[in-house]
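Below you'll find the structure, written out as structure tokens, and then a few comments.
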Amino acid sequence: MKINGIGLNHINPYNKANRPVQTNKAGQSFADKLEISSAAKGMKVTTEYTEARAERVQQLKADIESGEYKVDARKVAEDMLKYYRM
């Protein structure tokens, strides 16, 4: 069976569409720009928070390893309900 290329030019006419080309005007650059919002800047983690968190994590690890860490089941259940009711 022989297949000829008749009519294949009409499959995707958008390939032949003329597209406007942007030229670099004097002094302008096509470089990307990045802008960080003030809200995103406010989310930046401070060092005092990370230090306090690191201390808390170390304390929890020590309590777990020594067997002194106790889970308050009521507090866990309350927090789970609060989370799922939101």
Side-chain angles (χ1 to χ4, degrees):
M1 177 171 160
K2 183 176 180 182
I3 299 175
N4 295 329
I6 299 174
L8 292 179
N9 294 335
H10 299 289
I11 290 176
N12 193 354
Y14 298 105
N15 286 340
K16 294 183 179 181
N18 291 333
R19 296 181 183 154
V21 177
Q22 293 181 351
T23 58
N24 190 4
K25 297 176 185 170
Q28 289 185 345
S29 173
F30 290 117
D32 293 334
K33 295 180 182 179
L34 174 68
E35 294 181 18
I36 300 174
S37 69
S38 59
K41 290 177 185 175
M43 292 180 182
K44 190 174 165 181
V45 178
T46 61
T47 56
E48 25 182 272
Y49 175 73
T50 54
E51 290 173 3
R53 184 168 178 89
E55 290 174 9
R56 175 73 176 138
V57 168
Q58 290 301 322
Q59 181 62 40
L60 287 172
K61 283 182 180 181
D63 288 347
I64 291 170
E65 288 176 3
S66 67
E68 296 177 11
Y69 182 73
K70 303 293 182 209
V71 178
D72 183 8
R74 180 177 289 291
K75 177 71 174 153
V76 172
E78 288 174 359
D79 288 344
M80 286 176 67
L81 286 174
K82 188 187 328 178
Y83 175 79
Y84 286 110
R85 287 183 179 164
M86 281 168 88

* Please step through side-chain contact (heavy atoms from CB on, under 4.5 Å) for the pair E55 and Q59, ending with a clear verdict. => CA-CA 6 Å; E55 290 174 9; Q59 181 62 40; over 6 Å; no

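L81 and V71 end up in different hydrophobic clusters when Ile, Leu, Val, Met, Phe, Trp and Tyr side chains are linked at under 4.5 Å. The cluster map of Ile, Leu, Val, Met, Phe, Trp and Tyr, joined by side-chain heavy atoms under 4.5 Å apart, puts V76 and Y69 in the same cluster.
With rounding to the nearest 0.5 angstrom, the CD atom of Q58 is 9.5 Å from the CG atom of L60.
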